[in-house]
Amino acid sequence: MVPMPAMARTAAAVAVLGPLLWGCGLALQGGMLYPRESPSRERKELGGLWSFRADFSANRRQGFEQQWYQRPLRELGPTLDIPVPSSFNDVTQAGELRDFIGWVWYEREVVLPQRWTQDPGTRVVLRIGSAHYYAIVWVNGVHVVEHEGGHLPFEADISKLVRGGSQESCRVTIAINNTLSLTTLPPGAIQYSTDPSKYPKGYFVQKTAFDFFNYAGLHRPVLLYTTPTIYLDDITVTTGMDQDTGLVNYQISVQGSQHYQLQTRLLDAQGRVVAQGPGDQGQLQVPSAHLWWPYLMHDHPGYLYSLEVRLTAQAPTGPVTDLYTLPVGIRTVAVTERQFLINGKPFYFHGVNKHEDADIRGKGFDWPLLVKDFGLLRWLGANSFRTSHYPYSEETMQLCDRYGIVVIDESPGVGISLVESFGNASLQHHLQVMEELVRRDKNHPAVVMWSVANEPASALPPAGYYFKTVIAHTKALDPTRPVTYVTNTNYAKDLGAQYVDVICINSYYSWYHDFGHLEVVPIQLTSQLEAWYSTYQKPIIQSEYGADAIAGFHQDPPIMFSEEYQRSLLEQYHLVLDQKRREYVVGELIWNFADFMTAQSTVRVLGNRKGIFTRQRQPKSAAFILRERYWRIANETSSLARSAQCAGNSLFTL
Ligand code: GCB
């Protein structure tokens with residue numbers, strides 16, 4: 001073994017500093033309701049330009065040694081203006097920032113409304129939608145919260161820090177470390193190269209086993225919001241049906257006092273109260289309920305009620321009211337040996353896998369991009385997507401509810417490839433991430449299944465216990481939804497498939513092997529699907545398939561990387577899927593919705609080109625094939641469509 005020089009060892013320590021030094025996996029406390037305005041709640045977005053500095057010091061510790069959180073960043077050296085939300089990687093001309101590993105520092109001064117600082121009955125919360133990967137937060141130099149994991153929100157009550165005196169503004173400082181280690185999710189490892197004839201002193205790179213660029217920074221909205229000091233902390237809703245009566249079960253948790261009253265009302269889309277009930281928990285009954293239906297399964301998809309929760313209490317400072325309104329869709333989900341049922345009707349996933357990824361902003365949240373993507377999904381006739389390979393923004397999930405786009409909600413358990421990433425520390429962290437994910441997304445009707453991982457090394461001996469535990473934990477957190485993980489392991493060797501409710505399989509026939517031989521696809525796909533089904537008797541989703549195509553490359557007869565090859569490969573898959581969807585295949589999700597950036601390698605030409613849209617969201621030929629197919633399937637499979645067709649009509653038109 002090559003001994004690690006002192007410099008590299010320091011870099012190693014720094015690179016994994018977050019999780020080792022600061023993280024200790026606190027148990028989840030409290031809820032994570034999306035911050036919505038209401039008569040009792042205000043919000044203040046902290047989007048825009050933040051001061052920024054990457055710590056390029058050799059040991060990456062300078063920011064801590066000089067306590068950059070104690071004074072404005074600009075007083076301690078040069079800063080950049082970096083937009084939030086955004087990845088920091090692609091917004092400047094600096095290659096070393098694009099590929100930076102270690103701590104970066106963000107800072108912003110926030111002007112506070114006077115009432116927030118002077119009213120003792122107001123609670124002020126700092127909320128960060130996502131900071132990739134490990135974050136430490138200070139307000140006015142005081143440490144307020146840390147968080148591990150790049151895709152889920154976290155927050156801190158900063159009322160005490162901003163209250164009183166002459167406070168008109170506060171300084172928010174956030175240090176973020178993008179280093180991935182064997183126990184992070186996704187996992188990674190820092191690789192040191194110490195041969196002075198080949199590498200500069202202290203050279204190290206981040207290795208990962210996943211196929212997307214490890215963008216980092218403040219990826220989602222950062223904001224302040226207020227609640228009263230006695231407040232609605234969490235709401236959990238599950239729904240069911242009894243004949244045509246919709247059942248809405250609610251459970252509410254309150255913080256700040258033991259003495260309060262709760263009143264809950266359910267309003268329909270026209271604002272009419274259709275049911276109401278008192279107390280922390282109960283069941284609302286909605287006669288002749290409008291169900292939440294997926295897009296293209298009903299002529300009014302995505303029907304949402306509003307659950308208005310009103311808390312009243314008596315605080316030392318006077319009477320308190322807190323109001324929160326949660327969108328609620330009434331629907332059921334169930335799985336049989338061969339079917340995936342939504343509202344008791346067979347549902348076929350004809351959709352996509354996505355990435356949060358675009359030019360310049362990287363993984364930064366962006367409304368125009370989101371609206372464009374949902375427009376394209378609807379154009380395509382896609383009724384679903386998987387949040388490959390990490391939880392997407394809360395705003396994305398809200399649009400899925402609203403438009404009826406069904407979601408397989410995936411954790412960042414991607415690239416779990418080494419036995420070291422199946423140990424206890426990894427497992428504990430994975431359980432914690434599932435808790436955070438379920439806590440955040442449990443109330444979205446669009447979410448119909450949890451995916452705990454993508455393509456883990458599920459043939460490795462510890463994988464059996466590992467996935468048994470993660471899946472059981474997820475089911476205990478949410479007994480109302482099926483759980484899966486996405487596999488590419490051989491059916492006979494997969495140690496976790498026995499625990500999943502739906503088998504999700506990725507395959508790349510005539511792409512990663514049998515190059516150019518499209519004729520092998522039907523035989524290989526048929527054999528695989530048959531083998532999985534006969535072994536497990538569970539419904540199957542073709543959760544990935546596809547081929548790279550560089551937009552504008554044409555070859556006929558088809559050759560790999562041409563648009564014609566991508567199209568033809570899809571058509572070969574469709575031949576088989578059209579047979580098997582009449583048996584036990586319950587879905588097909590193309591890889592991928594759009595081209596996306598990856599780490600550099602000889603098999604990636606400016607990223608992964610398996611998109612049916614370019615990274616700029618323009619269609620390749622394959623998009624038209626899929627569009628024709630998805631609309632046709634919608635017309636065949638929708639229950640309404642069946643009756644429309646009986647009458648000689650087609651329900652949905654392109
Ligand atoms: C996969 C992975 C996905 C990759 C894709 C590919 O199986 O799940 O993350 O991007 O293959 O294009 O290789």
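Start at 1 and go down the list; that is how both ligands and their atoms are numbered.
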Contact atoms of ligand 1, heavy-atom distance to Arg604 under 4.0 Å
6 (C), 12 (O), 13 (O)

Identify the protein heavy atom lying closest to atom 7 (O) of ligand 1, giving its residue, its atom name and the separation to 0.1 Å.
Glu455 OE2, 2.4 Å

Give me the ring orientation class for His147 and Phe154: parallel if the planes are under 30° apart, tilted from 30 to 60°, perpendicular past 60°.
parallel

Note: Glu544-Lys610 ion pair, threshold 4.0 Å (strictly below):
no

I need the nearest protein heavy-atom contact for atom 4 (C) of ligand 1: residue, atom name and distance, please.
Asp211 OD2, 3.3 Å

Counting only heavy atoms, which portion of Trp591 has something under 4.0 Å from ligand 1: side chain, backbone, both, or neither?
side chain

Please classify the Asn608 to ligand 1 contact at 4.0 Å (heavy-atom distances, strictly less than): side chain, backbone, both or neither.
side chain

Reported CZ-to-CG distance for the pair Phe213 and Asn89, which is rounded to 0.5 angstrom:
4.5 Å

I want to confirm something. Looking only at heavy atoms, which of Glu544, His389, His355, Lys610 is nearest to atom 11 (O) of ligand 1?
Glu544

Tyr512: numbered ligand 1 atoms lying under 4.0 Å from its heavy atoms
6 (C), 12 (O), 13 (O)

Distance under 6.0 Å and angle within 45° of ring axis: Arg609 vs Phe561
no

Please classify the Val486 to ligand 1 contact at 4.0 Å (heavy-atom distances, strictly less than): side chain, backbone, both or neither.
neither

Closer than 4.0 angstrom: is that true for some heavy atom of Tyr508 and an atom of ligand 1?
yes

Evaluate the ring pair (Phe, Tyr, Trp, His ring centres under 6.0 Å) criterion for residues Tyr295 and Tyr403: first the C-alpha distance (whole Å), next the side-chain angles of each, then the deciding distance (0.1 Å), finally the verdict.
CA-CA 6 Å; Tyr295 176 53; Tyr403 296 145; 8.6 Å; no

Honestly, for Tyr545 the part within reach of ligand 1 (heavy atoms, under 4.0 Å) is neither

Can you name the residues that form a ring pair (Phe, Tyr, Trp, His ring centres under 6.0 Å) with His429, not counting sequence neighbours?
none

Take every heavy atom of Asn488, measure it against each atom of ligand 1, and state whether any distance is under 4.0 Å.
no

Quick check: Tyr509 with His517 (ring centres under 6.0 Å apart)?
no

Using a strict cut-off of less than 4.0 Å between a Lys/Arg side-chain nitrogen and an Asp/Glu carboxylate oxygen, indicate whether Asp501 and Lys538 qualify as a salt bridge.
no

Within the 4.0 Å heavy-atom shell around Phe596, which atoms of ligand 1 are there?
10 (O)

